[in-house]
Amino acid sequence: MKIVSACLFGVKCRYDQKHNRIESIQQLVGEGKAVPVCPEQMGGLSTPRNPAEIVGGDGDDVLDGKAKVIDHQGNDVTEQFLKGAYETLEMARKVGAKEAILKERSPSCGSCLIYDGTFSRSKKSGHGVTTALLRRHGIRVVSEEKEKKQEESDSR
Ligand code: SF4
């Protein structure tokens, strides 16, 4: 069993109330092989919501209390992001997930890249808060982009 970002399944749970649906992810969920989760909604944030970025580090630093998650109006939403990460970990444990496919560049779900905290669309290496927590608990996290590349090379 896997967990997947709900926006990749087609749920309009992004900050701007859009989704990032990918057919193969929909298929996984449809076949009962994956469960969709949205850490930011599970942390109590509404949809739509203000876009947020990690300021001062990445998801690991947030878990260690060395960085914060701030929305573009300057509100501190660190607590909600942490709550969402722990709720997602709980869900992963309940369904026995050992792997997660999560949305790249999200401050929750990013697994290689995140926005750099300047709200200028610039990116940096690092992972989101949920990804950091899942990895600390032995759950493998890959991005949907890696998944897509793998599918493309498999079909060649
Ligand atoms: Fe998608 Fe994750 Fe953002 Fe929710 S928190 S909208 S699942 S990227």
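Heavy-atom basis, side chains included; hydrogens, waters and symmetry copies ignored.
Taking all atoms of both residues into account, the shortest heavy-atom contact from Gly32 to Met1 is O-CE, 3.2 Å. The two atoms that bring Arg49 and Cys38 nearest to each other are NH2-SG, 4.2 Å, heavy atoms only. When all heavy atoms are compared, the tightest approach of Ala34 to Val4 is CB-CG1, 3.9 Å. Heavy atoms only, all atoms of each residue included: Val77 and Ala52 are closest at CG2-CB, 4.1 Å. Here the closest heavy-atom approach between residue Ser111 and residue Val141 is recorded as CB-CG1, 3.9 Å.
Note that CD of Glu144 and CD1 of Ile22 are 5.0 Å apart. Values are rounded to the nearest 0.5 Å. Between the NE2 atom in His127 and the CG atom in Leu113 there is a gap of 12.0 Å [rounded to 0.5 Å]. Between atom CD of residue Glu99 and atom NZ of residue Lys33 there is a gap of 13.0 Å, rounded to the nearest 0.5 Å. Atom CZ in Arg121 sits 11.0 Å away from atom CG in Asp116 (nearest 0.5 Å). For the atom pair CD1 of Ile3 and CD1 of Ile139, the computed distance is 6.0 Å after rounding to the nearest 0.5 Å. With rounding to the nearest 0.5 angstrom, the CG atom of Leu134 is 10.5 Å from the OH atom of Tyr86.
In the hydrophobic clustering of ILVMFWY residues, with side-chain heavy atoms under 4.5 Å counting as a link, Val62 and Phe81 come out together. Under a hydrophobic-cluster definition in which Ile, Leu, Val, Met, Phe, Trp and Tyr are linked whenever side-chain heavy atoms come within less than 4.5 Å, directly or via other members, Tyr115 and Leu45 are assigned to different clusters. In the hydrophobic cluster analysis, where Ile, Leu, Val, Met, Phe, Trp and Tyr join through side-chain heavy atoms closer than 4.5 angstrom, Val29 is grouped apart from Val95. No continuous path of hydrophobic side-chain contacts links Tyr15 to Val69 [ILVMFWY only; heavy atoms under 4.5 Å]. Hydrophobic clustering (ILVMFWY, side-chain heavy atoms < 4.5 Å, transitive): Val142 and Leu102 are in distinct clusters.
A 6.0 Å sphere centred on NZ of Lys124 holds more than 12 heavy atoms belonging to other residues, nucleotides or ligands. For CD of Glu23, the number of neighbouring non-hydrogen atoms (other residues, nucleotides, ligands) closer than 6.0 Å is 12 at most.
Contact annotation: the side chain of Val55 never approaches that of Thr118 to less than 4.5 Å [non-hydrogen atoms, C-beta and beyond]. Val37 has its side chain within reach of Met42: a pair of non-hydrogen atoms, C-beta onward, lies under 4.5 Å apart. No side-chain heavy atom of Ser108 sits under 4.5 Å from any side-chain heavy atom of Lys103. Looking at Arg140 and Lys98, their side chains never come closer than 4.5 Å, going by heavy atoms from C-beta outward. A 4.5 Å side-chain heavy-atom check between Val129 and Ile54 finds at least one atom pair inside the cut-off. Side-chain atoms of Ser106 and Ser5, non-hydrogen and from C-beta on, never get closer than 4.5 Å to each other. Put simply, the side chain of Glu145 does not reach to within 4.5 Å of the side chain of Cys112, judged on heavy atoms. Considering only heavy atoms from C-beta on, Asn20 comes within 4.5 Å of Arg14 through its side chain.
In this structure, a donor-acceptor pair under 3.5 Å is present between the side chains of Gln41 and Thr47.
For Arg135 and Asp60, the salt-bridge test fails: no basic side-chain N is under 4.0 Å from an acidic carboxylate O. Ion pairing between a basic and an acidic side chain is recognised when a charged N comes within 4.0 Å of a carboxylate O; Glu87 and Lys83 show such pairing. With respect to the salt-bridge test (charged N to carboxylate O, under 4.0 angstrom), the residues Asp58 and Lys66 do not qualify.
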Item to complete: Please report the C-alpha distance between His19 and Lys12 in whole Å, then the side-chain angles of each, then the deciding distance to 0.1 Å, and finally whether the side-chain contact (heavy atoms from CB on, under 4.5 Å) criterion is met.
Response: CA-CA 5 Å; His19 62 71; Lys12 292 178 179 172; 3.8 Å; yes
Fill in: Working for side-chain contact (heavy atoms from CB on, under 4.5 Å), residues Arg21 and Phe9
CA-CA 5 Å; Arg21 180 159 44 87; Phe9 172 60; over 6 Å; no
Practice prompt. Please report the C-alpha distance between Ile25 and Ile101 in whole Å, then the side-chain angles of each, then the deciding distance to 0.1 Å, and finally whether the side-chain contact (heavy atoms from CB on, under 4.5 Å) criterion is met.
Written response: CA-CA 9 Å; Ile25 299 282; Ile101 304 170; 3.8 Å; yes
Practice prompt. Could you walk me through whether Asn75 and Asn50 pass side-chain contact (heavy atoms from CB on, under 4.5 Å), step by step?
Written response: CA-CA 9 Å; Asn75 301 303; Asn50 289 333; 4.0 Å; yes
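Of the possible donor and acceptor atoms, one in the side chain of Thr131 sits under 3.5 Å from a partner among the backbone N and O of Gly110. Glu53 contributes a side-chain N or O that, together with a main-chain N or O of Phe119, makes up a donor-acceptor pair within less than 3.5 Å.
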